[in-house]
Amino acid sequence: MKILVINAGSSSLKYQLIDMENEEVLAKGGCERIGIPGGKLTHKAHGETYIIEREMPTHTDAIALVLDELVDKTAGVIASMEEIDAVGHRVVASGEAFKKTTLVTDDVMVTMDEIAELAPLHNPAAILGVNACRAVMPGKKMALVFDTSFHATMPDYAYMYAIDYDDYKAYHVRKYGAHGTSHKYVSGEAAKYLGRDIASLKIVTCHLGNGSSISAVKGGKCIDTSMGFTPLAGVPMGTRSGDIDVAAIDFLCDKKGMTMSEGLTYLNKRSGVLGISGVSSDFRDLAAAKEAGNDRARLALDMFCYDCKKYIGAYMAAMGGLDVIVFTAGIGENTPDVREAVVSGLEAFGVKLDAAANNYRNDGAVHEISAKDSAVKILVIPTNEELVIARETAALL
Ligand code: AMP
């Protein structure tokens, strides 16, 4: 079975064609500048990279171009579109409308339109991607795989905000979480790596990238996660503030003459480690600036690591113990200093790092970085959200 995975953004679209027999990626790539002059497709297959510069006024043009490449005599990996058994679409937010991976139908797409406002930066793009695929591949089975699904198992006392219950019922304002496919993948891989049944494990998964979230995974089910109604909540991120007292926003809006909407843009785009350091949202730049003596870069890194540590402690309490900490995503996979700072001070709780094992260059493999006598295993596991989307799609069929 071959599954095409599509991750559509507002002006970009990433894809992978995966053969589910052996979970091999046959081809992958991305379209940039959809609807903007200067369209470009980068397609990777057979160990080669093919670049096609062509205007893509709409997502339908982009998908058509991707399919042309997939069946191309030179760059292609399949003889015809018929070889694609189904398409799996990444969708950021499901609200309470969809609890699990869902087959695309006309009715489902009506509901998707209705909940688009829950993730205004992301869901409308996913809808464009689905509609484009339906236009170019009529009749093809398609699945919506939601970032939020893995968090649907949170108990009510974890996902509720303490607001008027009637408003929760009317407007579905609650914690939904994000990065669910990544948390699901790395928690499953952790159990596999350790040769343990996931049902017996208490795992904290730290997805630390440009956006960061931390989840408590007990017995294979998410019971809490750091992101909230939107991906603004939790630890400080590249440009996002993470958790903040909302009264401070009202105060700041008043002082700076910002509307609430401008205040949210401030929190989403100009805060986080960028706002604190004034240097960059990228942890490589922050590390270099700290090394050069920039104290605000040092502060940004310290705040990030301190908050990650606090979430680990909180989730240890929520799960009644801890067996495994997993680091993943751009920062989690590549930054030994951050990993060390996050787990340092947790020795009293059985968390002991092996400094030498932690200090390696990312080679795409799973690494065990805890000391031999650490009660809690610490693993670094490269994430693979596309594979989860393909697996979910295949399972639905
Ligand atoms: P992601 O959102 O998962 O792609 O992660 C992006 C972030 O990971 C970047 O903003 C960097 O801060 C960080 N990152 C990626 N590669 C490295 C690296 N080699 N060393 C340190 N940080 C990295």
Side-chain angles (χ1 to χ4, degrees), residues 7-14 16 28 30 32-33 42 90-93 119-123 125-126 146-148 150-151 176-186 205-215 225-244 264-290 296-297 299-309 311 326-339 341-342 362 364 380-386 388-389:
N7 182 354
S10 55
S11 65
S12 68
L13 184 150
K14 288 189 234 153
Q16 285 194 9
K28 64 177 176 180
E32 295 164 59
R33 302 183 69 85
T42 305
R90 179 197 178 208
V91 185
V92 167
L121 297 179
H122 297 103
N123 269 31
F146 300 95
D147 276 9
T148 42
F150 185 59
H151 305 304
Y176 290 108
H179 299 137
T181 47
S182 178
H183 291 288
K184 178 175 183 162
Y185 178 77
V186 297
T205 47
C206 305
H207 177 110
L208 310 181
N210 198 30
S212 294
S213 65
I214 300 183
S215 292
T225 193
S226 62
M227 281 181 168
F229 181 64
T230 74
L232 178 57
V235 299
M237 299 170 229
T239 61
R240 284 172 246 169
S241 64
D243 296 334
I244 183 167
L264 284 175
T265 303
Y266 170 97
L267 290 182
N268 271 301
K269 307 260 188 214
R270 303 204 302 277
S271 300
V273 295
L274 170 68
I276 291 296
S277 68
V279 171
S280 172
S281 62
D282 191 299
F283 275 56
R284 286 163 286 203
D285 300 338
L286 289 180
K290 177 185 165 183
R296 279 173 54 184
L299 174 62
L301 287 165
D302 283 354
M303 287 170 68
F304 176 79
C305 296
Y306 176 68
D307 272 8
C308 289
K309 192 200 311 277
Y311 268 104
V326 182
F327 288 100
T328 193
I331 298 160
E333 292 169 30
N334 290 296
T335 316
D337 286 356
V338 167
R339 294 192 297 252
V342 168
N362 186 9
V380 184
I381 303 181
T383 197
N384 193 341
E385 294 167 89
E386 291 77 13
V388 173
I389 295 170

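Note that the coordinates shown come from a computational prediction; the quantities given were computed from them, not determined experimentally.
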Not counting sequence neighbours, which residues clear side chain to side chain donor-acceptor pair (under 3.5 Å) with Asn384? List them please.
none

Judged by modelled atom types alone, do Glu333 and Thr328 share a side-chain donor-acceptor pair under 3.5 Å?
yes

Distance from Asn210 atom CG to Leu274 atom CG, nearest 0.5 Å?
10.0 Å

His207 side chain reached by Val186 side chain, heavy atoms, under 4.5 Å:
no

Between the main-chain N or O of Gly332 and the side-chain N or O of Arg339, is there a donor-acceptor pair closer than 3.5 Å?
yes

Results of salt bridge (Lys or Arg N to Asp or Glu O under 4.0 Å) for Arg284 - residues two or more places apart only
Asp282

Show the numbers, then the answer: is there a side-chain contact (heavy atoms from CB on, under 4.5 Å) between Ile276 and Met303?
CA-CA 9 Å; Ile276 291 296; Met303 287 170 68; 3.9 Å; yes

Answer yes or no: does atom NZ of Lys28 have more than 12 heavy-atom neighbours from other residues, nucleotides or ligands under 6.0 Å?
no

Any non-hydrogen side-chain atom of Phe283 less than 4.5 Å from a side-chain atom of Leu301?
yes

Going by salt bridge (Lys or Arg N to Asp or Glu O under 4.0 Å), name the residues that satisfy it together with Asp285, two or more places apart in sequence or in a different chain.
none

Any residue meeting ring-ring contact (aromatic ring centres under 6.0 Å, His included) with Phe146, in chain and number order, not counting sequence neighbours:
Phe98

Rounded to the nearest 0.5 Å, the OG1 atom of Thr225 sits from the NE2 atom of His183 at a distance of 4.5 Å

Kindly give the heavy-atom pair with the smallest separation between Thr148 and Gly177, and that separation in Å.
CG2-O, 3.4 Å

Asp302: partners by salt bridge (Lys or Arg N to Asp or Glu O under 4.0 Å), with sequence neighbours left out
Arg298

Pairing residues for Ala93 by the side chain to side chain contact (heavy atoms under 4.5 Å, CB included) criterion, not counting sequence neighbours:
Leu118, Ala119, Asn123

For Cys308 versus Ile214, what's the shortest heavy-atom pair and its separation?
CA-CD1, 3.7 Å

Do you know the tightest heavy-atom contact between Ala297 and Leu286?
CB-O, 3.6 Å

Closest approach of Pro382 and Gly364, non-hydrogen atoms and distance?
CG-O, 3.3 Å

How many angstroms lie between atom NE2 of His122 and atom OG of Ser10, to the nearest 0.5 angstrom?
8.5 Å

Contacts of type side chain to side chain contact (heavy atoms under 4.5 Å, CB included), residue Asp307, not counting sequence neighbours:
Val235, Pro236, Lys310

Looking only at heavy atoms, what is the nearest atom pair of Arg296 and Ser277, with distance?
NE-O, 3.5 Å

d(Thr239 OG1, Asn268 CG) to nearest 0.5 Å is 7.0 Å

Going by salt bridge (Lys or Arg N to Asp or Glu O under 4.0 Å), name the pairs with one or both residues in residues 176-185, residues two or more places apart or in two chains.
Lys184-Glu392

Residues passing the ring-ring contact (aromatic ring centres under 6.0 Å, His included) test with Phe150, sequence neighbours excluded, are none

Residues forming a side chain to side chain contact (heavy atoms under 4.5 Å, CB included) with Met227, sequence neighbours excluded
Ala178, His179, Ser213, Pro231, Met237, Arg240

Test of understanding: with side chain to side chain contact (heavy atoms under 4.5 Å, CB included), list the residues that count as partners of Thr335, not counting sequence neighbours.
Ile331, Val338

Do Leu232 and Leu264 come close enough that some side-chain heavy atom pair is under 4.5 Å?
yes

Donor-acceptor pair, distance only, cut-off 3.5 Å: does the side chain of Ser271 make one with the backbone of Tyr266?
yes

Out of curiosity, Asn7 CG to Lys14 NZ, how far, rounded to the nearest 0.5 Å?
5.5 Å

Does Tyr185 have any ring-ring contact (aromatic ring centres under 6.0 Å, His included) partners at least two apart in sequence or in another chain, and if so, which?
none

Closest contact, heavy atoms only, Ser281 versus Val273:
O-CG2, 3.9 Å

